[in-house]
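First the structure, in the form of structure tokens, and then the observations on it.
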Amino acid sequence: MRLRAEATDPASVEANVLAVPIYKEDEPFGEDLANLDATAGGVIRQAIDFGRFNILEDYFALIDGGDLPVEHILIVNGIRRGRGPWRARRMAGVATRALQGKGAARMALWLRDGEDADGFAAAAVGAVAGTYRPMDLYGRTRDTDAMKRIVEEVVLLGADQAELDRASIMADGVAWCRDLSNRASNDLYPEKMAEEVRALEADGCTVEVLHVPEMRQLGMNALLGVGQGAEHPPVLIAVKLPGWAAGGDRKLAIVGKGVCFDSGGISLKPADKMDEMKHDKSGAAAVLSAARTLARLNPNAPVMAVAPMVENMPGGRAQRPGDVVKAMNGKTIEITNTDAEGRLILADALHWAETQGATHLVDVATLTGVAAMAFGELVSAYFAKPGDWGDQVKAAADATGEWLWEMPLATEYRTQLDTPYADIVNSGSRDGSLIKSAVFIHEFVTRPWVHLDVAGTAWMAADKATFPKGAVGVAMTTLVRLGLDFAAGEQVA
Ligand code: BES
Ligand code: ZN
Ligand code: MN
């Protein structure tokens, strides 16, 4: 999809559809909206009065363009004011998604409030995201050409073209991230992910792939134990940007959980919704696509992406509850639950990243079902040490329209992970288990570190006005923004 900046007035822009946000505060209409509606011949007011659009219920309404040059007006629910890029990104996504399958090749988007550069960029990323069709991944014979129509050009009124060109690269990254997460486990297994990522060499990146023998030599037994039950062997993928080597005392490693399928292993999951566990590689998808995007936006970013890739499967060779493994950093772990596998592969991947010279770490993981229970699909939980490093990650999220909320890294719970048989267990009692999962990972890092639990936010369980069922590409833009901040020397912690 093309993104075009125009300075045109919304009342005279030429497009198939003009998307117009409406807010709760718009009763009565503000001056800007009243003016547009007057030029349109009052069609917006009529539609609302008739009940075509109710701010408390509807995400959008597609109405006639009235006296405007556009064929239709798309009223979009402004949802919530005051969240800047988050609101712009979401609203733009709802708009282009609403036009899937419609004869709307060209959509103009009027953001009304006069967004800043971050707001326009977020809207651009959202607009492209709204055209994403998961059904194009493997194809569906029943889809007609008419059904496959998407918006081909979005005109962002008041935006800057150079900014939109950069946003377009960001949006490509989000789409790639979603594809990686959405791909089926029989199609995308650890080795195959490594093959896909080799393509990043064309962008100037160095791609290293560690296989089982090398990982065994390095002592990555926490990671290897998770993967030992699967036919597809694990790999550890590292992508170093051109700017990584010159990073000096500020090198950012982004580490993503890459479980291509999480059956739970011997601690087998129930059958219900187990298909969703193909998305357990969403953290890896985020860091790898962030690396690709950074390589295209600013290759000087001192960033490395690390993706430990495994399949967590039961079987005769699988790890058992009660097994004890020694992680790469020398600590021993008693496996009390083979389904708490994400923290095990992150333990070795994060430690390895430190041995490569990382000074700052961010991990992204679909780590705990309770994060999804507590935070739902909109908000990702994060843990930070020290706090101002967390603040910087949060600021990067805010700037690109992602929603993070900090949780306490209560290391006081550490003793609840004690066992006579090892330094630590991988899974303690249920109470406080979201915090304890972070406390576990904390044992394996020594540098400034942020842990993002995206278990609730990485994919949608069903179609929504905002996103279709499947991956949303969470955390990708946050990581890219953070990498750009590093490249610009903006680093506090
Ligand atoms: N990948 C899952 C977490 C998950 C579950 C994400 C459901 C999204 C939806 C993770 O590996 C897992 O199984 N976690 C366990 C941890 C428990 C055994 C301590 C969980 O959340 O039940
Ligand atoms: Zn998992
Ligand atoms: Mn699991």
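The residues of the chain are indexed from 1 along the displayed sequence. Counting starts at 1 for both ligands and their atoms, following the listed order. Every heavy atom of this structure was used, including side-chain atoms; hydrogens, water molecules and symmetry mates were not.
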* Is there a donor-acceptor contact under 3.5 Å linking the side chains of Thr332 and Asp423? -> yes
Could you pull out the N/O contacts under 3.5 angstrom between ligand 1 and the surrounding protein atoms?
from, atom 1, to, atom 2, distance (Å)
ligand 1, 1 (N), Lys257, NZ, 3.3
ligand 1, 1 (N), Asp262, OD2, 3.2
ligand 1, 1 (N), Asp280, OD1, 2.9
ligand 1, 1 (N), Asp280, OD2, 3.0
ligand 1, 1 (N), Thr366, O, 3.3
ligand 1, 11 (O), Lys257, NZ, 3.1
ligand 1, 11 (O), Asp262, OD2, 2.9
ligand 1, 11 (O), Asp339, O, 3.1
ligand 1, 11 (O), Glu341, OE1, 2.8
ligand 1, 11 (O), Glu341, OE2, 2.9
ligand 1, 13 (O), Lys269, NZ, 2.8
ligand 1, 13 (O), Asp339, O, 3.0
ligand 1, 13 (O), Asp339, OD1, 2.8
ligand 1, 13 (O), Asp339, OD2, 3.1
ligand 1, 14 (N), Leu367, O, 3.3
ligand 1, 21 (O), Gly369, N, 2.7

* To do: Taking ring pair (Phe, Tyr, Trp, His ring centres under 6.0 Å) as the test, write out the residues that go with His279, two or more places apart.
  => Trp459
* Asked: Can you name the N/O/S atom of Asp262 that is nearest the Mn ion (ligand 3)?
  -> OD2
* Give the atom name of whichever N/O/S atom in Asp262 sits closest to the Zn ion (ligand 2). => OD2
* Asked: Within Lys257, is some N, O or S atom less than 2.8 Å away from the Zn ion (ligand 2)?
  -> yes
* Step-by-step salt bridge (charged side-chain N to carboxylate O under 4.0 Å, His left out) determination, Arg198 to Glu195 -> CA-CA 5 Å; Arg198 286 253 178 246; Glu195 272 174 46; over 6 Å; no
* Asked: Near the Mn ion (ligand 3), is there an N/O/S atom from Asp280 that is less than 2.8 Å away?
  -> no
* Asked: Where does the angle between the aromatic ring planes of Phe440 and Phe444 fall among parallel (under 30°), tilted (30 to 60°) and perpendicular (over 60°)?
  -> tilted
* To do: For Thr338 and Gly264, indicate whether the former's side chain and the latter's backbone hold a donor-acceptor pair under 3.5 Å.
  => yes
* Asked: How close do Lys281 and Arg183 get, heavy atom to heavy atom, and via which atoms?
  -> NZ-O, 2.8 Å
* Give, rounded to 10 degrees, the angle between OE2 (Glu341) and OD2 (Asp280) as seen from the Zn ion (ligand 2). => 100°
* To do: Kindly determine whether Tyr23 and Arg87 satisfy side chain to side chain donor-acceptor pair (under 3.5 Å), including the steps that lead there.
  => CA-CA 11 Å; Tyr23 307 109; Arg87 177 175 61 77; 2.5 Å; yes
* Does any N, O or S atom of Asp339, backbone or side chain, fall under 2.8 Å from the Zn ion (ligand 2)? -> no
* Structure fact -> Asp339 OD1 to Glu341 OE1 via the Mn ion (ligand 3), rounded to 10°, gives 120°
* Taking C-beta and beyond as the side chain, do Gln392 and His360 meet within less than 4.5 Å on heavy atoms? -> no
* Asked: What is the ring orientation for His232 with Tyr189, classed by angle as parallel under 30°, tilted 30 to 60°, or perpendicular over 60°?
  -> parallel
